[in-house]
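Everything numeric in this text was worked out from a predicted model, so none of it was measured.
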Amino acid sequence: MKGWVVSVRCRMNRLGIAFALVVACGGVDASAADSQVVTYEAFGAVGDGVADDLPAICKAHEHANRNGLSVRSNPKATYHLGRQALTAVIATNTDWGTSQFIIDDSVEVDDHRKTLFEVRSLLKPAKLAIKRLKRDQKRLDVRPEQDCYVLVYDNNVKRYRRRGRNQNSGTAQRDCFILRRDGSIEGNIDWDYSAVTRVVANPMDQDRLTIRGGRFTTIANQMRQDVGYNYWSRNIKILRSNTQVVGLEHRIKGEGEFGHPYSGFISVSECANVTLRDCFATGHKTYKTIGSTGQPVSMGSYDYTANSVVNFLMVGCRMDDILDRSLWGVIGTNFCKNIRLKDCVLSRMDTHMGVSGRYEILGCTLGHAGLNAIGRGRLVVEDSTLHGRSLVNLRSDYGSTWEGEVVINRCRWIPAAGSRTWPALLGVSNDGTHDFGYPCFMPKSIAIDRLLVDDSVVPSGYQGMYLLADPDGNKQGDPAKRPFPYRLTETIRIGTLKTASGKPPQVSADPWLRKSVSVINK
């Protein structure tokens, strides 16, 4: 027995981990089973909700990352994340359980743009030479040592030239995709690249990193800035491919008369294969500012954002007050490939500057801000209840473009969340006079089956819902002859479509759409 104790002690000393052995009966203290888990308290965290625990949390994760160890918080603790401009880098599995985290932004902080937690791979970036790309290209003559997330730019070309009160001159053309070791590409290439001016290539960890639990409360900032935007971070940023967040909750308190928006409490960026599962988010108050045209515009915070992500999945994510119009929509995304929502209850789902490939809303309930889309590919809405003004709204500030098909199956739609309206199933607005940096399309085909429309609150003279909104406000002249013609829908196939009013649907108030669209009743 003595020799056994000595050998164990020597082995544990070599690992640099101290724990107590219970020699009686030849047993080991139960705490030995936790010797591979790092705690915040071991690095000085107090967890009383008052002391600044962020420095200790940063040190704990630094140690865990260096030694490949998991992190677990005290489930009874309340950690205060203080005001310092520090970021805890998470590179190993982390279990926050039922621990509380307080983020007090009502006081002055050192840097309101500083991320609190950053989920990051420890793998070094790869150097890949990519000189050209073609739209929908499936393979490259490049063989990385392991699968990589790749982001390419052509800074010479501008896309997404926004229209409206937040108008701008566009953003650099870009695409993200997964490049496999055999040179194959996963993720549609959206544009042609005669020149690639920048390449980001990050090897993808094969193992999945999981962050579990955590109950976060942000006490909102009170910043006042009458013109423009001044986004806050103080959030969790995910930059590592193959990451999932399970059961994390975030609530916002103390929103007052003034405040500036947050850029997503969970902000996923420049990575692939990320899942948010069974998380809880909060809608934020809508504020006003002066936009780029010098006119008042609404502004608000997203609790979730995804930018340049390949394969973004949300499952079972929830929030309260999805019909409260005073609250900003909960999520915004840009430049993504393949987005799926399953069994979620959210105030909105939105793709600002494009999604391509698959865009799927399955078994979800979406609130007052509805389902918004820009992009190309296959947009599928199934087994869902939607409360938006349109069942699918194609954002007018980016040209109301969806190049591909839309499929709506086994859904219920309550237009404008039950407010009085003359509903149009597909919301579009594009008069063909603005250059968005790309040709704009209505969906080439729309398939509808087993749809129930609650059009029971409508204006006088109502003759039935429109399948398609009037894209140009009944502007005179042939839309095909305008400077930037808007390609119209060709075919709408309808199986079962029932309306509460009992009135059959009409094609559109627009005469050109009525003339050009073929409606096929199956």
Side-chain angles (χ1 to χ4, degrees), residues 126-144 147-163 168-180 182-202 269-272 306-312 333-339 351-359 373-379 394-395 397-406 430 432-445 480 482-488 490:
K127 293 184 179 180
L128 300 182
I130 302 174
K131 296 182 178 179
R132 297 177 184 82
L133 272 172
K134 298 291 289 183
R135 175 178 158 120
D136 291 327
Q137 187 170 334
K138 302 300 182 185
R139 183 172 294 275
L140 281 170
D141 293 329
V142 177
R143 301 293 184 270
D147 293 350
C148 286
Y149 166 89
V150 178
L151 177 61
V152 295
Y153 292 85
D154 184 350
N155 290 324
N156 301 312
V157 179
K158 298 294 184 182
R159 307 289 187 185
Y160 300 103
R161 297 185 180 120
R162 195 173 190 180
R163 188 179 192 180
N168 59 42
S169 59
T171 187
Q173 176 177 294
R174 70 195 70 183
D175 267 282
C176 60
F177 54 91
I178 297 171
L179 180 62
R180 303 293 183 189
D182 64 359
S184 61
I185 291 172
E186 179 181 345
N188 295 11
I189 305 300
D190 284 332
W191 315 107
D192 290 329
Y193 292 78
S194 57
V196 175
T197 59
R198 182 186 172 208
V199 178
V200 175
N202 293 323
S269 183
E270 299 187 9
C271 55
N307 294 289
S308 297
V309 179
V310 183
N311 302 333
F312 178 62
T333 73
N334 295 291
F335 312 114
C336 289
K337 307 294 174 68
N338 304 327
I339 292 176
T351 58
H352 290 69
M353 286 182 277
V355 57
S356 63
R358 302 184 310 274
Y359 185 17
I374 289 293
R376 71 184 187 108
R378 194 167 191 261
L379 196 168
L394 302 184
R395 293 183 60 116
D397 49 351
Y398 293 113
S400 291
T401 185
W402 185 266
E403 186 180 358
E405 62 178 328
V406 172
N430 185 335
T433 63
H434 182 81
D435 180 8
F436 292 95
Y438 40 75
C440 292
F441 303 81
M442 293 179 70
K444 184 175 182 179
S445 65
R482 292 172 190 161
F484 306 98
Y486 188 33
R487 189 79 60 85
L488 303 181
E490 297 177 6

| request: Just do the side-chain hydrogen bond (donor to acceptor under 3.5 Å, both in side chains) check on Gln173 and Asn155 with the steps written out, would you? | output: CA-CA 6 Å; Gln173 176 177 294; Asn155 290 324; over 6 Å; no
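- A donor-acceptor pair shorter than 3.5 Å can be found between the side chains of Glu186 and Asn311.
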| message | With salt bridge (Lys or Arg N to Asp or Glu O under 4.0 Å) as the criterion, how do Asp175 and Lys337 come out once you've worked through the C-alpha distance, each side chain's angles and the decisive distance to 0.1 Å? | response | CA-CA 9 Å; Asp175 267 282; Lys337 307 294 174 68; 2.8 Å; yes
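- To the nearest 0.5 angstrom, Arg376 atom CZ is 10.5 Å from Thr401 atom OG1.
- Residues passing the ring pair (Phe, Tyr, Trp, His ring centres under 6.0 Å) test with Tyr153, sequence neighbours excluded: none.
- Heavy-atom contacts from other residues, nucleotides or ligands closer than 6.0 Å to CZ of Arg198 number 12 or fewer.
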| Pair Thr333-Met353, side chain to side chain contact (heavy atoms under 4.5 Å, CB included): steps then yes or no | CA-CA 7 Å; Thr333 73; Met353 286 182 277; over 6 Å; no
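- Of the inter-residue distances, the one linking Ile189 atom CD1 with Cys176 atom SG reads 8.5 Å to the nearest 0.5 angstrom.
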| said: With side chain to side chain contact (heavy atoms under 4.5 Å, CB included) as the criterion, how do Thr351 and Ile339 come out once you've worked through the C-alpha distance, each side chain's angles and the decisive distance to 0.1 Å? | reply: CA-CA 9 Å; Thr351 58; Ile339 292 176; 3.9 Å; yes
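- Among the candidates Asn430, Asp435, Asp397, Thr433, the single residue satisfying the side chain to side chain donor-acceptor pair (under 3.5 Å) test with Arg163 is Thr433.
- Asn168 contributes atom CG, which lies 9.5 Å from atom NZ of Lys158 (distance to the nearest 0.5 angstrom).
- Taking the six-membered ring where tryptophan is involved, the planes of Tyr438 and Phe436 are essentially parallel, since the angle between them stays under 30° and well short of 60°.
- For Phe177, the ring pair (Phe, Tyr, Trp, His ring centres under 6.0 Å) criterion is met by no residue, not counting sequence neighbours.
- Scanning both residues, Met442 and Leu488, for their nearest heavy atoms gives SD-CD2, 3.8 Å.
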| task | Could you go through the side chain to side chain contact (heavy atoms under 4.5 Å, CB included) check for Ile185 and Ile178 one step at a time? | result | CA-CA 6 Å; Ile185 291 172; Ile178 297 171; over 6 Å; no
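- Taking both residues in full, the closest heavy atoms of Cys271 and Tyr149 are given as O-CE1, 3.3 Å, listed atom of the first, atom of the second, then distance.
- Under the 6.0 Å distance and 45° angle rule, Arg174 counts as a cation-pi partner of Phe335.
- There is a side-chain donor-acceptor pair under 3.5 Å between Asp190 and Ser356.
- A donor-acceptor contact closer than 3.5 angstrom is absent between the side chains of Tyr160 and Asn334.
- Listed by chain and residue number, Arg378 satisfy the side chain to side chain donor-acceptor pair (under 3.5 Å) test with Glu405 (two or more places apart in sequence, or in another chain).
- We find the CG-CG distance between Leu179 and Asn202 to be 12.5 Å, quoted to the nearest 0.5 Å.
- Closest approach of Ala126 to Cys148, counting heavy atoms only: CB-SG, 4.2 Å.
- Between Pro443 and Val406, the shortest heavy-atom contact is CG-CG2, 3.7 Å.
- Of the charged side-chain nitrogens involved, at least one lies within less than 4.0 Å of a carboxylate oxygen, so that Glu403 and Arg135 count as a salt-bridged pair.
- Contact of the Ser400 side chain with the Tyr486 side chain is registered, since non-hydrogen atoms from C-beta on lie closer than 4.5 Å.
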